[in-house]
Protein chains: 2
Amino acid sequence: MVSTRNTRADVVATAGRMFAEKGYHGTSMRDLGRELGLLGSSLYSHIDSKEDLLVEVVDEGARLFLESAQRAMESSGTASEQLRALIGGHVEVVLDHQDVVRTYLNEARMLDDDHRSRVVESRDLYEGVFRDVISRGISTGEFKRDADPKISAIFILSILNALERWYRPEGELDRNAVTEAIYESAVASLS
Amino acid sequence: MVSTRNTRADVVATAGRMFAEKGYHGTSMRDLGRELGLLGSSLYSHIDSKEDLLVEVVDEGARLFLESAQRAMESSGTASEQLRALIGGHVEVVLDHQDVVRTYLNEARMLDDDHRSRVVESRDLYEGVFRDVISRGISTGEFKRDADPKISAIFILSILNALERWYRPEGELDRNAVTEAIYESAVASLS
DNA sequence: CCTACCGATCGGTAGG
DNA sequence: CCTACCGATCGGTAGG
């Protein structure tokens with residue numbers, strides 16, 4: 001079979017890819033249809049509105065990060081070990097779901113107030129997991145007593161989220177090396 | 001005088017602000033005109049095309065960072081001192097030109113290939129200044145021998161560029177504190 | 001998923 | 001900087 005009908009999941013996935021590349025407002029429904037081999041108007045048999053597509057991609061990004069954090073916290077090791085798991089999980093999400101993540105990071109601000117504030121909540125929740133692990137590491141003496149959990153979490157996440165902008169899988173660093181480099185950098189400034 | 005005629009500089013500045021908020025494709029010429037108190041079509045007495053506005057804002061961002069790096073390198077202290085000057089300069093540019101910087105960081109990819117590749121060149125040049133200072137610090141023994149200048153520069157710039165996404169001037173950290181925190185984090189992972 | 005279409009809006013121009 | 005307008009494209013719908 002050379003070509004079959006597209007599923008709703010195909011539409012969402014392709015939307016994620018195009019939103020990541022051209023931006024939400026830079027992608028028309030006709031662009032999206034062309035990429036899928038159908039007309040823009042035919043997309044409306046799968047979805048109700050263009051914004052629905054953005055909501056779905058961004059929600060998936062939020063979910064991927066939160067689920068990754070949950071898995072990392074189930075490992076129940078030292079704070080350093082959990083921080084490593086958090087970083088490794090984030091790297092994995094960014095590299096395995098580049099389009100979703102880019103759309104999540106760069107296009108969520110195009111959502112209406114309601115949807116956007118839900119995304120911000122989810123982002124705060126995720127950041128809170130990093131903060132809490134760092135706080136615990138301070139309590140246990142793994143990290144220095146005057147480390148700032150809030151700022152440290154922001155800095156670590158800044159490095160992690162920037163991966164989307166420069167990391168190329170065909171480059172010198174594999175994902176273990178990049179995880180290691182970010183973890184080492186984090187621990188160095190926490191010690 | 002309650003209102004006078006807008007200058008070309010007003011148009012470019014307001015475009016920068018709106019591109020930063022709504023994105024290039026999310027801002028129409030009529031939106032921009034409304035913000036300036038005139039019709040969209042009237043903008044064309046100041047400029048030739050919408051893309052001209054994006055080019056000008058993004059070029060200004062590139063220029064601000066390169067000039068900041070130039071000033072930092074004129075200080076001619078130790079590598080650590082120059083790195084501190086680079087970081088302080090970057091923080092200053094981000095906080096004093098938020099709209100230009102946000103447009104530079106997030107909307108440059110909407111430029112056509114020619115303009116975009118010029119921006120990428122300028123960005124590489126700027127990143128190279130960070131790399132070179134770090135390399136010098138390794139040579140002088142200020143930084144550890146197995147530090148990686150390329151990765152370190154990327155991590156420091158990741159933290160610096162993310163400022164645009166979370167820093168609020170009315171928050172707890174003033175710009176000296178944020179410069180200090182980033183510098184400390186950088187030096188910790190370089191030592 | 002297509003045909004045929006809708007009103008609204010887009011970037012931009014001519015002429016004043 | 002406005003008036004008056006252009007062709008193209010936008011998100012979306014009705015009906016099959």
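Chain letters run A, B, ... following the sequence lines, proteins first and then strands; every chain starts at 1.
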**A:Q98 side chain vs A:L95 backbone, donor-acceptor pair below 3.5 Å** = no
Of all residues at least two apart in sequence or in a different chain, which pass the side chain to side chain contact (heavy atoms under 4.5 Å, CB included) check with [X]?
X	result
A:K150	A:R131, A:D148, B:E172
B:T179	B:R84, B:I87, B:V91
A:A188	B:S189
B:A13	none

**Message:** For B:Y104 together with B:F65, are the ring centres under 6.0 Å from each other?
**Reply:** yes
**Strand-adjacent residues in residues 41-60 of chain B, judged by heavy atoms under 4.0 Å from DNA chain D** = B:S41, B:S42, B:S45, B:H46
**Message:** Under the rule for ring pair (Phe, Tyr, Trp, His ring centres under 6.0 Å), what residues qualify as partners of B:Y183, not counting sequence neighbours?
**Reply:** none
**Prompt:** With sequence neighbours left out, what residues match A:F130 under ring pair (Phe, Tyr, Trp, His ring centres under 6.0 Å)?
**Reply:** A:Y126
**Complete:** In A:D59, A:D112, A:D124, the residue satisfying salt bridge (Lys or Arg N to Asp or Glu O under 4.0 Å) with A:R118 is A:D59
**Asked** Given the rule that a pair is Watson-Crick or G-U wobble with both distances under 3.5 Å, how would you write DNA chain D in dot-bracket, using | for pairs to a different strand?
**Response** ||||||||||||||||
**Prompt:** Does anything in residues 39-57 of chain B pair up under salt bridge (charged side-chain N to carboxylate O under 4.0 Å, His left out), and if so which pairs, sequence neighbours excluded?
**Reply:** B:R8-B:E56
**Item:** Residue pairs involving residues 21-30 of chain A (criterion side chain to side chain donor-acceptor pair (under 3.5 Å); sequence neighbours excluded)
**Value:** A:S28-A:D31
**Asked** What residues in residues 24-39 of chain A put a non-hydrogen atom under 4.0 Å from any atom of DNA chain C?
**Response** A:L38, A:L39
**Request:** Identify whether the distance between the nearest side-chain nitrogen and carboxylate oxygen of A:R5 and A:D10 falls below 4.0 Å.
**Result:** no
**Asked** What is the 5' to 3' range of DNA chain D, first to last nucleotide, that sits under 4.0 Å from any heavy atom of chain B?
**Response** D:dC1 to D:dA4
